[in-house]
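To find a chain, count down the sequence lines: A is the first, B the second, and so on, and within it residues start at 1.
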Protein chains: 2
Amino acid sequence: MEQADLAEPKPRLGRKRDHTRDPEILEATLDVLAETGYDGMTIDMVAARAKAGKATLYRRWSSKPELVLDAVACMKSSEIDLEALPDTGTLRGDLIALIKPPNIRDAERKLRVMAGIVSMIARSPELAAAAQEALVEPRAAANRIVFRRAVDRGEIPDSVDIEQLCTIGPALVAYRALMLGKPVNREFLIGNIDHVILPAAGVRPA
Amino acid sequence: MEQADLAEPKPRLGRKRDHTRDPEILEATLDVLAETGYDGMTIDMVAARAKAGKATLYRRWSSKPELVLDAVACMKSSEIDLEALPDTGTLRGDLIALIKPPNIRDAERKLRVMAGIVSMIARSPELAAAAQEALVEPRAAANRIVFRRAVDRGEIPDSVDIEQLCTIGPALVAYRALMLGKPVNREFLIGNIDHVILPAAGVRPA
DNA sequence: TATATCCGGAACTCGACAGTACCGTATAGA
DNA sequence: TCTATACGGTACTGTCGAGTTCCGGATATA
């Protein structure tokens, strides 16, 4: 019968594509994106950084926008493990425990990538969705759990808007880094927790 | 003697440059910048929008970066009048009074301009300074006065960090608009005031 | 072993844009 | 009135980068 090759997606011949290189190329894309921004980034830069040929890139992604979209979408990897979130017993303790060098470094790179694609976001709903999913949502998810636990244990009133609380931290960080160009250090982050987030959550200042 | 024409900056001859067109050209630049972003913007677009010749632009600004820098720097015009700030007697009243359609419209355009140049800011200290001065500082200045008055009248403790308080509102707005792509409406702004800014300022929830 | 596809790399095409030059016209000072 | 410059507009130049094509070599199927 040979009834359509729906079940045989690749009865191909010859050397097979080495998909172990995909992550390396996407990482290179993110690096260049973070360093030069979307328009400053060239395919040659990415290929050189990944030690790959330009043709190799075009065999896998049909265009520059597709490559960037995929790179951003595949970024959700090195993320906070939602199963192993700190559980110190207090909201403040949990929030501070989330400030760890690896998390900060990860967030810094994400911010630079975000800066590089902000102007595209307004013009590409797909990229906007990918950025949302990969850059914004993971952090919000971690915060959400921590706040939810605080509500459950009665530490903060359940009248609070958890979705709003989740965005305060990221918003302050993004604004300081991208708009003000000031460093995001531990002192700043703790100040945010103590003077903005916890008051907004309804925690009495100690 | 003819001792240097230091005192004669323009003993020129012929038709004079029509400087009344400068603001129109800079406005056109900001419009295109807001719509397409820095890299998407072309000098031809700006010239067409301003109904000017490209040569006219290059007679006044030596390059695209110079033009954009000047346009951003000259943006502080349609700003909140610091002399005529609302004075309702309460911090909440003052903050809400600052939410007016003209202010919102102004802020939206500034946000789009900001989005268009964010990726350049990291690479151009001059542009970063101009954006800081024209887009960030005016709003912070208005907030600063309002908070200062609240401290002076004893409505909020003078232990608060006014500089930090000033950035909360802009940060939440920028994050919502640029990162989340959600609308910045009156409801959102009032929610920010009541659930984030006032608690951070140490105002007891009514 | 033959063939088809992969690889990194280099050379190429093609379109877009920054910046320049020039047109005919308008306007200021000598 | 003459001259030098500005104006809006168009055409040109030079560069740069996206995307394509081809190379010699590697590798998997038949």
Minimum-distance nucleotide to Arg17(A) side chain [options: dC6(C), dG29(C), dA18(C)]:
dC6(C)

Ion pair present between Glu187(B) and Lys182(B), side-chain N to carboxylate O less than 4.0 angstrom?
no

By nearest-nucleotide position on DNA chain C, the 5'-leaning member of Ser62(B) and Gly14(B) is Ser62(B)

Tell me the interatomic distance from His19(B), atom NE2, to dA28(C), atom C1', rounded to whole angstroms.
14 Å

Using a heavy-atom cut-off of under 4.0 Å over every strand shown, decide if Met45(A) touches base, sugar-phosphate, or nothing.
nothing

Here the distance between atom P of dC6(C) and atom CD1 of Ile25(A), to the nearest Å, is 13 Å

Ile43(B) atom CD1 is separated from dT10(D) atom P, nearest whole Å, by 17 Å

Whether over 12 other heavy atoms sit under 6.0 Å from Asp158(A) CG:
no

Asp44(B) CG to dG8(D) C1': how many Å, rounded?
13 Å

Pick one: which of Leu198(A), Val203(A), Ile162(A) meets side chain to side chain contact (heavy atoms under 4.5 Å, CB included) with Ile156(A)?
Val203(A)

Between C1' on dG19(D) and CG on Leu67(A), what's the gap in Å once rounded to a whole number?
13 Å

Does Thr56(B) make a side-chain N or O approach to OP1 or OP2 of dG8(D) shorter than 4.0 Å?
yes

Base, sugar-phosphate, or nothing for Arg21(B), non-hydrogen atoms under 4.0 angstrom?
sugar-phosphate

Using heavy-atom distances to pick each residue's nearest nucleotide on DNA chain D, tell me which of Lys64(A) and Asp18(B) is more 5'.
Asp18(B)

Just how far, in rounded Å, is P of dC17(C) from CG of Asp39(A)?
11 Å

Walking DNA chain C from its 5' end, the first of Pro65(B) and Arg59(B) to be reached, judged by nearest nucleotide, is Pro65(B)

Looking at Arg15(A), does any N or O in its side chain come under 4.0 Å of the phosphate oxygens OP1/OP2 on dA26(D)?
no

Nucleotide dC6(C), atom P - distance to CG of Leu57(A) in whole Å:
14 Å

Nearest-Å distance for atom pair CG/P, residues Leu13(B) and dA26(C):
19 Å

Ignoring hydrogens and angles, answer whether the base of dG19(C) and the side-chain atoms of Lys54(B) contain a donor-acceptor pair closer than 3.5 Å.
yes

For dT27(D), does either OP1 or OP2 sit under 4.0 Å from a side-chain N or O belonging to Lys16(A)?
no

From the set dT29(D), dC22(D), dG8(D), return the single nucleotide nearest to any side-chain atom of Ala55(A).
dC22(D)

Lys/Arg N to Asp/Glu carboxylate O, Arg21(B) vs Glu24(B), below 4.0 Å:
yes

Arg109(B)/Glu27(B) salt bridge by N-O under 4.0 Å criterion:
yes

As a test of reading the structure: which of dC22(C), dG19(D), dT20(C) is closest to the side chain of Tyr58(B), going by heavy atoms?
dT20(C)

